[in-house]
Amino acid sequence: MEEVADGARQQERHYQLLSALQSLVKELPSSFQQRLSYTTLSDLALALLDGTVFEIVQGLLEIQHLTEKSLYNQRLRLQNEHRGA
């Protein structure tokens with residue numbers, strides 16, 4: 001019985017995500033709207049439900065922050081070297 005409830009919740013969440021994506025697509029120029037079929041939007045909503053996308057984005061965000069911090073420190077080091085030279 002609990003599995004049925006989980007399935008119903010997931011289906012409802014899928015519908016909500018799909019509706020949100022369809023609303024976003026309506027704001028795009030018509031040339032882009034034509035390229036985003038219902039199936040594509042539905043597949044995207046399912047991918048968002050999975051959670052993997054969010055994990056990937058979080059990992060990329062962490063990598064970006066580390067890279068920016070490293071580049072900032074490298075910039076400061078080079079500025080100090082140039083001032084001292």
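Small disclaimer: the values here were computed from a predicted structure and weren't measured.
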Which is it for Gln74 and Leu71 under the side-chain contact (heavy atoms from CB on, under 4.5 Å) test, yes or no, and what are the steps along the way? CA-CA 5 Å; Gln74 182 180 359; Leu71 289 171; 3.8 Å; yes
Hydrophobic clustering (ILVMFWY, side-chain heavy atoms < 4.5 Å, transitive) - are Leu61 and Leu48 grouped together? no
Taken to the nearest 0.5 Å, the spacing of Arg13 CZ from Gln16 CD works out to 5.5 Å
One should read off an interatomic distance between Gln11 CD and Leu18 CG, to the nearest 0.5 angstrom, of 9.5 Å
Using the salt bridge (charged side-chain N to carboxylate O under 4.0 Å, His left out) criterion, which residues pair with Asp50? Sequence neighbours excluded. none
Does Val25 share a hydrophobic cluster with Phe32, counting links as ILVMFWY side-chain heavy atoms below 4.5 Å and allowing steps through other members? yes
His14 (side chain) donor-acceptor with Ser42 (main chain) under 3.5 angstrom: yes
Once rounded to the nearest 0.5 Å, what's the spacing between atom CD of Gln33 and atom CD of Gln22? 11.0 Å
Flag, side chain of Ser23 to backbone of Ser19, donor-acceptor distance under 3.5 Å: yes
Single-linkage hydrophobic cluster, 4.5 Å side-chain cutoff, Val53 and Ile56 together: no
Do Gln64 and Thr67 have side chains that get closer than 4.5 Å, going by heavy atoms? no
If hydrophobic clusters are built from ILVMFWY residues whose side chains come within less than 4.5 Å, do Leu28 and Leu44 share one? yes
Please report the interatomic distance CG(Leu60) to CD(Glu55), rounded to the nearest 0.5 Å. 12.0 Å
Please enumerate all residues that pass salt bridge (charged side-chain N to carboxylate O under 4.0 Å, His left out) together with Arg75, with sequence neighbours excluded. none
Leu41-Tyr15 co-clustered via ILVMFWY side chain contacts under 4.5 Å: no
